[in-house]
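A short write-up of the structure that comes next.
All ligand and atom numbering here is 1-based and tracks the order in the structure. The analysis underlying the following values was restricted to heavy atoms, covering all of them including side chains, and did not include hydrogens, waters or symmetry mates. Because the structure is predicted, anything quoted here is derived from the model rather than measured.
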Amino acid sequence: MPEPAGEFDLIERYFVRAGAGPAPRVDLAIGDDCALIDGGPDTQWAVTTDMLVEGVHFLASVDPEALGHKALAVNLSDLAACGAQPRCFFLALGMPRADELWLASFMRGLFALADGHRCVLAGGDTTRSAAGITVSITALGDVPRGRALLRSGAVADDDLWVSGILGDGALGLAFRRGEFTLAGDDASAAIRRLERPQPRIALGIGLRGTATAAIDVSDGLAGDLGHILRASGLAATIHWDAVPRSRALQELPVATQQRYVFTGGDDYELLFAAPRSAATTIESAALAAGVSVARIGHLRSGQGLVVLDSDGRAVDIAARAFDHFRHE
Ligand code: ADP
Ligand code: MG
């Protein structure tokens, strides 16, 4: 039996069309966090789509207001990864029945985040779906021409940086599944991180012209860093001690912490590369954006990812992102 195809195998096999070349006005197609569309001499439109499916990405019992927030947040996070300014979004909803209480709450969460970024609902589609709720959002933002942050563009010796903290998305999910008990404050923080991720829009915009490459960490640090490494043709070294983690996460066994950070997903922080000389500029951009940033390692020529613990020993990381078609 051949290995079952993973999400990225399917994209390569069926969606990327070899030899098709760039189409007029499509400056960058499949393969990055957003596509870039020609928006005139000074502008490019960054466009992204993400879908959330009941039973796969959320349980039927989830708070609809939190779901509304998250459905838009995961899209705005892709705009942030490109350094784009959100402008508008389209909402396609599939629902087994018209539950207006549910809808009112869902849209309250969604609009609260949209309004915070002055991002307007510009259209969509509404349909019955037998299998459960599906939410698909397409978000558009703009960026000055040539200034978008891409997964490619990093160079050897660049530092690797990450915003916020990593691993709490997976911690929140494990807590929701009843795998842990957490004290009150830690529990609400982990749930907030899982259900109310904050897209790092201001930081992404602040990193234009400074970061050489960027991605949002949606599938775990190993997989998403892997995308930057492949796109930029580089290898990386990460220092485990430098990876920012919550106090609650640090109380778990190290192996669990590393699983959550490297393959957990749902963190929606920015991972980016920049030359060493840009450190002060990055600290100022982060301060202005109200987000913490940490330097977690560096890039080098070659292939692959090495993670070193505090004694300089290599940590064994299964460098595989959460993959919708390979995992149960
Ligand atoms: P992200 O995690 O940033 O949303 P992914 O890693 O899921 O991005 O997707 C990688 C690339 O493949 C993106 O450029 C995305 O637009 C593209 N892609 C994924 N699914 C499809 C599809 N069904 N048709 C065309 N492109 C797709
Ligand atoms: Mg992304």
Exercise. Name the one of Ile191, Val261, Leu249 that satisfies side-chain contact (heavy atoms from CB on, under 4.5 Å) with Asp168?
Worked result: Leu249
Exercise. With sequence neighbours left out, what residues match Glu65 under salt bridge (charged side-chain N to carboxylate O under 4.0 Å, His left out)?
Worked result: Arg108
Within the protein, flag every N or O under 3.5 Å from an N or O of ligand 1, and note the pair and distance.
residue, atom, partner, partner atom, Å
ligand 1, 3 (O), Asp33, OD1, 2.9
ligand 1, 3 (O), Asp78, OD1, 2.9
ligand 1, 3 (O), Arg151, NH2, 3.2
ligand 1, 4 (O), Asp78, OD2, 3.2
ligand 1, 7 (O), Glu7, OE2, 3.4
ligand 1, 14 (O), Gly31, N, 2.8
ligand 1, 14 (O), Asp32, N, 3.3
ligand 1, 14 (O), Asp32, O, 2.8

For this session: Please confirm if an N, O or S atom belonging to Asp224, backbone or side chain, lies less than 2.8 Å from the Mg ion (ligand 2).
Result: no
Seminar exercise, completed: The side-chain hydrogen bond (donor to acceptor under 3.5 Å, both in side chains) partner of Asp142 among Gln44, Gln85, Arg87 is Arg87
Exercise. To the nearest 10°, how many degrees is the angle Asp78 OD1 to the Mg ion (ligand 2) to Asp216 OD1?
Worked result: 90°
Exercise. Are any of the side-chain nitrogens in Arg276 or Asp158 under 4.0 Å away from the carboxylate oxygens of its partner?
Worked result: no
Exercise. Should we count CE of Met107 as having more than 12 external heavy atoms under 6.0 Å?
Worked result: yes
Exercise. Do Thr49 and Thr138 meet the criterion of a side-chain donor-acceptor pair at a distance under 3.5 Å?
Worked result: yes
For this session: Check whether NZ of the Lys or CZ of the Arg Arg245 lies under 6.0 Å from the centre of the six-membered ring of Trp240 and within 45 degrees of that ring's axis.
Result: yes
For this session: For the Mg ion (ligand 2), find the closest N/O/S atom belonging to Asp33 and write down its atom name.
Result: OD1
